[in-house]
Amino acid sequence: MSCYLTASGAFLPERIVTNAELAPLLGVTPEWIEMNSGIRERRRVAAHQSASDLATEAVKNALMNSTLKAEELDYLIGGTLSPDFQIPGIAPLVQRKLSGCRMIPALDIRAGCASILYSLQLAQGLIASKVAKNICCFGTETQSKGLDLNPRSAEISMLFGDGAGAIIVSDQPKDEMSWRLDDLLIASDGNFAEDLCLRAPGTANGARWVDSNSQIFPQMNGRTVILHAVRKLTEAAQTILMRNQLTLDEVDLIIPHQANLNLLRTLGKKLAIDESRIFTNVDRYGNTSGASAFIAFSEAQAQLQPKAKILLLAFGAGFTWGAALLTN
Amino acid sequence: MLPNAIITYLHQAAKEARTEMPENNTSLFEAGLLDSFSLVEFVTLLENEFGIRVSDAELRPETFETMAKIEDYLTKSRVVV
């Protein structure tokens with residue numbers, strides 16, 4: 001049974017942090033940040049804003065772009081690496097903040113930057129099993145609150161921005177711009193769990209969730225991440241196209257997780273496609289982790305026509321990765 | 001001895017980095033011959049040139065850190081005998 005991505009929305013905090021503002025904190029130049037990431041600016045939340053605040057606004061925007069009211073949602077699936085609290089999850093907080101939302105199941109997933117694909121597969125299964133008809137999947141991040149703004153962490157702290165995106169997944173199409181989920185593949189390789197991680201709070205850190213030796217900042221072996229991201233994204237794209245008897249020429253737009261512009265360019269070279277066929281907004285928002293592909297999908301709607309085919313690609317901590325093929 | 005295709009690639013990388021070819025045990029990253037993205041290109045070259053696939057477990061920068069390590073890897077992969 002198919003399901004349909006019937007509407008989407010995004011929400012970005014107002015405050016813009018340029019490379020010129022960030023660079024001195026990281027001991028680098030604005031040009032160095034742009035050369036190494038393609039990022040020119042990113043958004044940042046205010047102290048009083050949390051990830052669930054951004055998510056709630058993104059969900060509201062998705063609902064505004066749909067024919068649904070909050071009351072009609074049957075399920076919430078949220079992905080974040082920067083939750084409001086360790087416990088409870090973020091999805092129940094969005095349920096609480098979303099005016100009109102019934103006491104529906106609200107579930108967190110922790111699939112890093114590939115959250116969009118993992119949540120879409122869950123939504124597909126819930127719809128196929130008739131548990132739900134209308135599901136809201138969202139990704140939201142306020143990573144800025146947990147970054148090490150110090151030269152030792154320049155390579156990772158230059159990347160992240162805050163934001164949220166949401167997608168309504170339904171059992172029926174709503175209009176000609178509803179996207180049918182044709183195929184989806186996801187995978188993981190836990191052998192690389194420590195190559196992109198934030199260790200604390202966690203129970204692998206000794207006697208306490210957070211002890212004096214715990215790492216409370218994100219850590220990344222960038223070269224390993226890039227090697228695997230390019231390989232896995234390339235192979236995921238090729239596999240999903242092959243098993244649907246399609247070629248890349250038949251895909252109108254590739255919408256990837258916005259990790260780093262240089263990575264997306266390398267991916268384009270590997271796939272032998274022109275850069276113009278890869279949607280990017282990383283220059284404006286930075287890497288918004290679990291929210292990025294949601295935001296990209298939402299923004300890409302403006303440049304897509306009916307009867308188009310798109311490929312979503314995402315790779316993140318875990319490692320987790322995958323691809324989704326959609327047609328409207 | 002590294003195969004010619006590898007030597008040619010590294011010579012070109014050294015030229016672009018405006019540096020000399022490093023010693024066998026010098027880090028190619030520290031010498032400026034490889035970075036995060038040219039490493040992807042380098043691994044693609046290895047795989048295409050020698051018809052091998054670098055396993056996921058070995059797909060790490062440490063495997064290609066120096067010319068000596070590259071030679072070890074290619075020997076183990078039976079590209080260099």
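Letters A, B, ... mirror the listed sequences (proteins, then strands); counts begin at 1.
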**Student:** When heavy-atom pairs shorter than 4.5 Å are enumerated against chain A, which of Leu59(B), Leu39(B), Leu34(B) gives the highest number?
**Tutor:**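 Winner by heavy-atom pair count: Leu59(B).
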**Student:** Tell me, yes or no, whether the heavy-atom count around Arg277(A) atom CZ, taken from other residues, nucleotides or ligands under 6.0 Å, exceeds 12.
**Tutor:**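 Counting neighbours around CZ of Arg277(A), more than 12 heavy atoms of other residues, nucleotides or ligands fall under 6.0 Å, so yes.
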**Student:** Does any heavy atom of chain B fall under 4.5 Å from the side chain of Thr224(A), the backbone, both, or neither of them?
**Tutor:**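 Contact with chain B is through both the backbone and side chain of Thr224(A).
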**Student:** What heavy-atom pair brings Leu227(A) and Pro61(B) nearest, and what distance separates the two atoms?
**Tutor:**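 Distance-wise, the nearest heavy atoms are CD1-N, 4.0 Å.
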**Student:** Got a sec: does the CD of Glu20(B) have more than 12 other heavy atoms crowding it under 6.0 Å?
**Tutor:**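 Count not over threshold, so no.
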**Student:** So with a 6.0 Å cut-off around CD of Glu23(B), is the heavy-atom count from everything else above 12?
**Tutor:**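 Count not over threshold, so no.
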**Student:** Considering heavy atoms only, which positions within residues 43-54 of chain B lie below 4.5 Å of chain A?
**Tutor:**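 Heavy-atom contacts from residues 43-54 of chain B to chain A are Val43(B), Thr44(B), Glu47(B), Arg53(B), Val54(B).
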**Student:** With only heavy atoms counted, which part of Arg231(A) is less than 4.5 Å from chain B, the side chain, the backbone, both or neither?
**Tutor:**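 Contact with chain B is through the side chain of Arg231(A) alone.
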**Student:** Please say whether more than 12 non-hydrogen atoms of neighbouring residues, nucleotides or ligands are located less than 6.0 Å from CD in Glu34(A).
**Tutor:**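 Enclosed: over 12 neighbouring heavy atoms sit under 6.0 Å from CD of Glu34(A).
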**Student:** Measuring heavy-atom distances to chain B, does Asn262(A) have an atom under 4.5 Å in its side chain, in its backbone, in both, or in neither?
**Tutor:**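 Both backbone and side chain of Asn262(A) come within 4.5 Å of chain B.
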**Student:** Is it true that atom NZ of Lys309(A) has more than 12 heavy atoms of other residues, nucleotides or ligands lying nearer than 6.0 Å?
**Tutor:**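 It does: Lys309(A) NZ has more than 12 such atoms within range.
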**Student:** Using the rule given for side-chain contact (heavy atoms from CB on, under 4.5 Å), can you reason through Lys232(A) versus Asp56(B), listing the C-alpha separation, both sets of side-chain angles and the distance that settles it, and then say yes or no?
**Tutor:** CA-CA 10 Å; Lys232(A) 299 303 185 190; Asp56(B) 282 349; 2.6 Å; yes
**Student:** Strictly below 4.0 Å, N to O, side chains only: are Arg223(A) and Asp35(B) in salt-bridge contact?
**Tutor:**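 Looking at Arg223(A) and Asp35(B), the cut-off is not met.
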**Student:** Looking only at heavy atoms, which two atoms of Phe37(B) and Ile226(A) are closest? And how far apart?
**Tutor:**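 It is CZ-CD1, 3.6 Å.
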**Student:** In terms of heavy-atom contacts, does CZ of Arg60(B) have more than 12 from other residues, nucleotides or ligands at under 6.0 Å?
**Tutor:**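 It does: Arg60(B) CZ has more than 12 such atoms within range.
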**Student:** Surrounding NZ of Lys15(B) (heavy atoms of other residues, nucleotides or ligands, distance under 6.0 Å), is the total greater than 12?
**Tutor:**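 It does not: Lys15(B) NZ has 12 such atoms or fewer within range.
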